[in-house]
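One structure is given here, and the rest of the page talks about it.
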Amino acid sequence: METPVLGFEARCPHNLFTTNSRPSSLPASTVSVRSLTTTTTTTTTVAKSPETVVVTQHPRTKPHSKSFLTRKSAISEIEQSPNFLSSLHRLARVLKVQDLNVILRDFGISGRWHDLIQLFDWMQQHGKVSDSSYSSCIKFVGAKSVSKALEIYQSIPDESTKTNVYICNSILSCLVKNGKLDSCIKLFDQMKRDGLKPDVVTYNTLLAGFIKVKNGFSKAMELVGELPHNGIKMDGVMYGTVLAICASNGRCEEAESFIQQMKDEGHSPNLYHYSSLLNSYSWKGDYKKADELMTEMKSVGLVPNKVMMTTLLKVYIKGGLFERSRELLSELESAGYAENEMPYCMLMDGLSKTGKLEEAMTIFDDMKVKGVKSDGYANSIMIAALCRSKRFEEAKQLARDSETTYEKCDLVMLNTMLCAYCRAGDMESVMRMMKKMDEQAVSPDYNTFHILIKYFIKEKLHLLAYQTLLDMHSKGHRLEEELCSSLIYHLSKIRSHSEAFSVYNMLRYSKRTICKELHEKILHTLIHGKLLKEAYVVVKDNAKVISQPTLKRFGKAFMVEGNINLVNDVLKVLHGSGHKIDQVQFEIAISRYISQPDKKELLLQLLQWMPGQGYVVDSSTRNHILKQSHLFGRQLIAEILSKHHIVSRTMVKSRSEPKFSRGQRSK
DNA sequence: TTAGGGTTAG
C-alpha cells in the first residue's frame with residue numbers, strides 16, 4: 001500500500017513536503033508543490049517536464065497512501081497551530097525526521113525564530129535530528145544570532161556529523177554573512193583537520209567573505225589556488241564571486257582573465273559576470289574597454305540593465321568623460337533608470353572632485369526640478385563639495401536644510417554635516433549634531449573623531465581635543481600623526497606637558513614608525529615641563545634620531561634636576577648613543593653627588609667609568625672632589641683621580657699629534 | 001536531504 005509513495009519519494013530528488021524550494025533548474029510552473037501534493041489527477045495535467053514523466057511512469061494504484069496524507073496534514077496542522085508544541089506532542093508519533101525538518105524550515109522562512117528554536121530543542125531531546133536538521137537550523141538561526149548558531153554546531157555530539165559538508169557550509173556561511181571572516185577561516189582549517197572534505201560550495205562560501213574586504217584579493221587567490229589540489233572545478237557561481245572580488249579590488253586584468261577562463265571552460269558569462277568586469281574598469285575609468293565590453297555583451301544577446309548602465313556611467317565619470325556622462329544620464333532618464341538620485345550623485349561627485357563645482361550644482365538643481373527622489377545623498381555630496389571649495393557658509397546652510405528635510409541620516413551624512421558646521425565655526429550646531437548621534441545611537445567613526453579634534457584645536461579647546469583623542473584611541477581607531485603632532489604642539493604651549501606626552505605615547509605604541517622630529521618635539525616639551533624621567537625614556541628609545549643640541553639640553557636638565565639615582569644611567573645612555581658629554585654636565589653631576597654623601601657609590605662608579613670612555617674631570621671639579629675626599633675614602637679617590645690624570649695627558653698628546661707632526665714641528 | 005555567489009553613489 002505504501003510502496004508507490006515510497007517509490008515516488010525515492011525517485012523524486014526533492015523533498016515532498018518542501019513548500020519553498022524547487023529544483024533550481026526547473027521553471028516554477030512545471031513541478032509545483034500543489035501538483036505533487038494533491039491528487040494524481042493533477043499530476044497528469046502538468047506532465048510536461050522530465051520530472052513529471054517520472055511520476056507518470058510509475059502510476060500509483062491509489063492517489064496517496066494514508067500514512068502520506070496523515071503526515072502531510074500533521075505538518076500543516078503543526079505549522080498553523082497557535083500553540084505548535086501541543087500539536088506536536090499529539091502528532092509526534094506519525095512524523096518522521098524529514099517531516100520535522102519541513103516544519104523547521106517553514107518556521108525559518110516565516111521568521112518564527114522562537115518556534116524554530118523550540119522545535120529544534122524538542123527534536124534534539126527526542127533524538128529526531130538528521131544532518132539536514134542541523135544544516136537548516138544553523139542557516140536560519142545564524143541569520144539572527146551567530147553565537148546561537150555556533151552553539152548548535154558545537155552541540156553536535158557526533159564528530160563525523162561535525163564535518164558533514166552541508167553542516168560545515170551552513171555554519172561557515174553564517175560566519176561570513178556576519179562579517180566574521182577570521183573566525184570563519186579558523187573554523188574551516190579546524191574542520192579540514194578534523195576530516196572535512198570541502199567542496200565547491202565550501203570554497204565559494206569562504207570566497208564570498210573576501211568581496212568587500214580590504215586586501216581580500218590576495219587571500220582569495222590563495223583559496224582559489226587550493227582548488228585543483230582538492231579536485232574542485234570552478235562553476236558559474238564561483239566565477240561570479242571571484243569576479244566581484246577582482247572588481248572590488250580594481251583588478252581588471254585578473255577579471256579579464258577569469259572571464260576568458262570561464263568562457264574556455266564552457267560557461268557563458270551572464271549580466272552579473274559582465275557587470276563585475278565593467279566595474280573593474282571603473283577604477284581607472286577605462287572607458288575604451290568598457291565600450292568594447294558593452295558591445296560584446298550586446299552581441300551575445302544580453303541586454304544591459306539599470307545597474308549595468310549606472311556602472312557604465314561610473315566608468316565615464318572616472319574617466320573624466322563628462323559630456324558623455326551627461327548624455328548617458330539622459331539615456332538613463334529616458335529608460336526610466338534615473339528615478340532615484342544615484343546616477344546624479346555619481347556625476348555631481350565626479351564633477352566637484354575635478355573642480356567643476358558649478359557644473360555639479362547645475363546637476364543638483366536639475367535633479368530638484370525634475371523631482372528626483374532623494375534620501376539625502378545628493379545633499380551630502382554637495383555639502384562635501386562646498387566644503388572642498390571652502391564655501392563654508394553655503395555648506396552650513398545646506399546642512400541645515402538637510403537636517404530639516406531628512407529625518408534619517410547615516411554616519412557619512414552626519415559626518416559631512418558635522419564637518420560643514422565645524423568649518424563654518426557653528427559651535428551650537430556641532431553640539432547639536434553630537435547630541436543627535438548620541439540619541440540615534442550612531443557610534444562615531446574615525447572621520448567623526450578626526451573632524452571634531454581638528455575643530456576643537458582650531459577653537460583652542462585643547463583639553464577637549466585631548467579628551468576626544470583619548471576617546472578615539474580607546475575605541476581602537478588609528479591615530480594620524482599630523483593631527484597628534486599638532487595637538488602635542490598645542491598642549492605643550494598651554495603647559496599640559498603630561499597630556500602631550502600621553503598623546504605621543506598613544507601614537508608611538510600604535511604605529512610602527514613615527515616621524516623623528518616628533519621625538520625631538522616631545523623631548524623639548526618634557527624638558528620644559530620638567531618631566532625628566534619621561535624625557536629619559538624618550539631619549540633611551542630614540543637617542544640616535546635626536547639632534548646633538550637637544551641631547552645636550554636634556555643632559556644638562558637631567559643633571560640639574562633629574563632623579564639622582566638615574567644620573568649615571570642617563571650619562572651612559574647619552575654616551576652610548578654617540579653623544580659627546582659636555583664637561584659642564586659632569587661638573588653638575590659630581591657636585592650633586594658631593595652634596596649628597598649617601599650617594600657615594602654612585603659618585604665612585606661615575607668617576608671609575610669616565611676615563612674608560614675618554615672623559616676626565618676638569619681641574620676645578622678635581623679640586624672640589626679632593627676637598628671632600630674624606631667623605632668618600634681618600635685613598636680610593638686619589639687612585640681614581642690619578643687615572644683621570646694619566647688619561648688626560650694621553651688625550652692632550654694625541655689631540656696635538658695630528659696637528660703638529662714631528663716634521664712640521666722641526667721646521 | 002541539508003549548504004554557496006554576483007553589478008551602481010557620498
Roughly, in whole Å, what's the span from [atom1] in [X] to [atom2] in [N]?
X        : N      : atom1 : atom2 : answer
A:Asn379 : B:dG10 : CG    : C1'   : 11 Å
A:Ile103 : B:dT1  : CD1   : P     : 16 Å
A:Met308 : B:dT8  : CE    : P     : 11 Å

What's [X] touching, base or sugar-phosphate or nothing? Going by heavy atoms closer than 4.0 Å.
X        : answer
A:Met342 : base
A:Ala384 : nothing
A:Asn164 : nothing
A:Lys306 : nothing
A:Ser130 : nothing
A:Lys177 : sugar-phosphate
A:Leu207 : nothing

Margin query: Using a 5.5 Å cut-off between ring centres and planes within 30 degrees, is A:Tyr272 stacked on the base of B:dT7?
Written below: no
Check: Should A:Asn204 be listed as having a side-chain N or O under 4.0 Å from OP1 or OP2 of B:dA3?
Finding: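 No.
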Note to self: Just N and O in the side chain of A:Ser173: are any of them under 4.0 Å from OP1 or OP2 of B:dG4?
What the structure shows: yes
Next item on the list: Can you measure from OG (A:Ser380) to CG (A:Asp375) and round to the nearest 0.5 angstrom?
Entry: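 Taking OG in A:Ser380 and CG in A:Asp375, the distance rounds to 11.5 Å.
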Next item on the list: Looking only at non-hydrogen atoms, find the nearest pair between A:Ala399 and A:Tyr421 and report the distance.
Entry: C-OH, 3.4 Å
Margin query: Using a distance-only criterion (donor-acceptor N/O pair, under 3.5 Å, no hydrogens), is the base of B:dG10 paired with the side chain of A:Asp410?
Written below: yes
